[in-house]
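See structure below.
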Amino acid sequence: NALVLKTLREVAEVVNAEVVKMNENPPFASLKNKPGATLCFALRIGSRLFVVNVGDSRAYKWNEKSGLTRLSKDHSY
């Protein structure tokens, strides 16, 4: 589990670093309102489900009986 969590955290950090780098270079560097990104994904390993969300996104679980259940909270201000 520790290796999976470390890897998922690294994926989120790489995506964030790429967005930051993109905003530091033309044509985005000169913009007042810079682009951002959200990331939401899940990885199932056997019976375990790992969910990652960063930014204005949420993860939901679908169940035919109970419908959608929110699993995570977005990071909006």
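- A continuous path of Ile, Leu, Val, Met, Phe, Trp and Tyr side chains, each step under 4.5 Å between heavy atoms, connects Ile45 with Val11, placing both in one hydrophobic cluster.
- Residues Leu39 and Ala12 come closest through the heavy atom pair CD2-CA, 3.9 Å.
- A 4.5 Å side-chain heavy-atom check between Arg44 and Arg48 finds every atom pair outside the cut-off.
- Side-chain contact check for Leu43 versus Leu8: some heavy-atom pair is nearer than 4.5 Å.
- The SG atom of Cys40 sits 8.5 Å away from the CG atom of Leu71 when rounded to the nearest 0.5 Å.
- Closest heavy-atom contact between Ser72 and Asn53: CB-OD1, 3.3 Å.
- Connection of Trp62 to Tyr60 is established within a shared hydrophobic cluster, with ILVMFWY side chains joined at heavy-atom distances below 4.5 Å, either directly or through further cluster members.
- The same ILVMFWY cluster, assembled from side-chain heavy atoms under 4.5 Å apart, contains both Val15 and Val52.
- Note: the hydrophobic cluster containing Leu49 does not contain Val4 (ILVMFWY, side chain heavy atoms under 4.5 Å, direct or indirect links).
- In this structure the side chain of Phe41 never reaches within 4.5 angstrom of the side chain of Val51, judged on heavy atoms.
- Atom NZ of Lys61 sits in a sparse spot, with 12 or fewer heavy atoms from other residues, nucleotides or ligands closer than 6.0 Å.
- In terms of heavy-atom proximity, Pro27 sits nearest to Leu31 at O-CG, 3.7 Å.
- The two atoms that bring Lys73 and Arg58 nearest to each other are C-CG, 4.4 Å, heavy atoms only.
- Rounded to the nearest 0.5 angstrom, Asn23 CG and Ser30 OG are separated by 10.5 Å.
- Here CD of Glu24 is found 9.0 Å from NZ of Lys34. Values are rounded to the nearest 0.5 Å.
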Query - Check against salt bridge (Lys or Arg N to Asp or Glu O under 4.0 Å), Lys6 and Glu10 - result: CA-CA 6 Å; Lys6 180 180 182 285; Glu10 287 174 1; 2.7 Å; yes

